[in-house]
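A quick write-up on the structure given underneath.
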Amino acid sequence: MSLQIQMLGTGSAFSKLYYNTSALIRSTDATILIDCGPTVPKSLSEIAIDLDQIDGILISHIHADHIGGLEEVAFRLYYQYNRKRVQLYVTEALAEVLWENSLKGGLYNPEDGFHQLQDYFELVFLQERVPYPISPELTIEIVPTLHIAQKLNYSIFINHRTFYSADLQFNKDFLLNEVIHTRNCHTIFHDCQLNGPGYVHTTLDELLTLPEDIQKLIYLMHYDDHMSEFIGQTGPMTFIHKHEIIVISD
Ligand SMILES: Nc1ccn([C@@H]2O[C@@H]3COP(=O)(O)O[C@H]3[C@H]2O)c(=O)n1
Ligand SMILES: [Zn+2]
Ligand SMILES: [Zn+2]
């Protein structure tokens, strides 16, 4: 069984060069978007993927660089793609905040029957730490991780052994004990702030404290526009780039 993870963007929240960090998971039987910042529709069109080729969207947390493209996607699925229904993978709690505190402002339209998130998307409520089989070849599992205190935030295990971080404060114990020791992950996509202190993100210096054999598994994403100054300074870790495809075999 193999799947592809293709980056739609690899930049930080304020990047002007690398697009918002987001990825497309493509198995033979499902195409799922992880996060949907404002640059996602443009990035998809650059690789000639139409919105109606996407089966579902998973949201890690509510910051504009991860959800700011959802209004466009919702409207276009309805008006340009003949009311196409796409699954939205979220926890129930995140769905509530997503609608009430973000999308409702643009998408609420009672005259045309749009009252709630379900009027645009097929909601699939994920449970924390419960694997969810999206298709025979693709299983996802979300785990709560710390980005900003008291703010919902979920990182993702894809087919059990690939870890994809949401925006994340460095958690060495979690990476060593859960991601590596317990789950035996072979591939890690990790957010990376190039200059410290990180405050709400993991810094490059923090990732460089991990054992080298673990660093070898790490693709760095969510980086700032001065990334090129750090090429050669990331140990065995690799910057991943927009539209790059990583093939995952299990
Ligand atoms: N305490 C905080 C909170 C937020 N931020 C910045 O705001 C961005 C929101 O999107 P992000 O991708 O989570 O990155 C955050 C920080 O750049 C920050 O720098 N410090
Ligand atoms: Zn972000
Ligand atoms: Zn964030």
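Every number for a ligand or one of its atoms is a count from 1 in the order of the listing.
Taking a cut-off of under 4.0 Å to the non-hydrogen atoms of Asp167, the atoms of ligand 1 that pass are 11 (P), 12 (O), 13 (O). Heavy-atom proximity to His147, at under 4.0 Å, picks out these atoms of ligand 1: 13 (O). Atoms of ligand 1 lying under 4.0 Å from any heavy atom of Ala13, numbered from 1 in the order shown and given with element: 10 (O), 11 (P), 12 (O), 14 (O). Annotation for ligand 1: atoms under 4.0 Å from non-hydrogen atoms of His222 are 12 (O).
Around NE2 of His181, the count of heavy atoms belonging to other residues, nucleotides or ligands within 6.0 Å does not exceed 12. Around NZ of Lys151, the count of heavy atoms belonging to other residues, nucleotides or ligands within 6.0 Å exceeds 12. The number of heavy atoms from other shown groups lying within 6.0 Å of CZ (Arg129) is above 12. Dense packing is recorded around OH of Tyr79, with more than 12 heavy atoms of other residues, nucleotides or ligands lying under 6.0 Å away.
The shortest N or O to N or O distance between His61 and ligand 1 is not below 3.5 Å.
Atom 19 (O) of ligand 1 lies below 4.0 Å from none of the non-hydrogen atoms of the protein.
In this structure, the protein non-hydrogen atom closest to atom 2 (C) of ligand 1 is Val200 CG1, 3.6 Å. Considering only non-hydrogen protein atoms, atom 15 (C) of ligand 1 sits nearest to His201 NE2, 3.7 Å. Protein heavy atom closest to atom 6 (C) of ligand 1, with residue, atom name and distance, is Phe14 CZ, 4.0 Å.
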> Between Phe174 and Phe163, is a ring pair (Phe, Tyr, Trp, His ring centres under 6.0 Å) present by the stated rule, with each step listed?
Replying inline: CA-CA 11 Å; Phe174 171 75; Phe163 177 69; 5.5 Å; yes

> Where do Glu128 and Thr91 land on the side-chain hydrogen bond (donor to acceptor under 3.5 Å, both in side chains) test, with the steps shown first?
Replying inline: CA-CA 8 Å; Glu128 297 175 5; Thr91 59; 5.8 Å; no

> How far apart are the C-alpha atoms of Tyr223 and Phe230, what are their side-chain angles, what is the distance that settles it, and do they pass the ring pair (Phe, Tyr, Trp, His ring centres under 6.0 Å) test?
Replying inline: CA-CA 10 Å; Tyr223 45 75; Phe230 291 81; 10.0 Å; no

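Near the Zn ion (ligand 3), less than 2.8 Å away, sit the protein N, O or S atoms His61 NE2, His63 ND1, His147 NE2, Asp167 OD2.
To the nearest 0.5 Å, the span separating CD1 on Ile54 from CG on Leu24 amounts to 5.5 Å. Once rounded to the nearest 0.5 Å, the distance linking CD1 of Ile218 with OG of Ser165 reads 9.5 Å.
Side-chain contact, His243 with Ser43: a donor N or O sits under 3.5 Å from an acceptor N or O.
At a threshold of 4.5 Å between side-chain heavy atoms, the hydrophobic network of Ile, Leu, Val, Met, Phe, Trp and Tyr places Leu33 and Ile245 in two separate groups.
Nearest to the Zn ion (ligand 2), among the N, O or S atoms that His222 has, is NE2.
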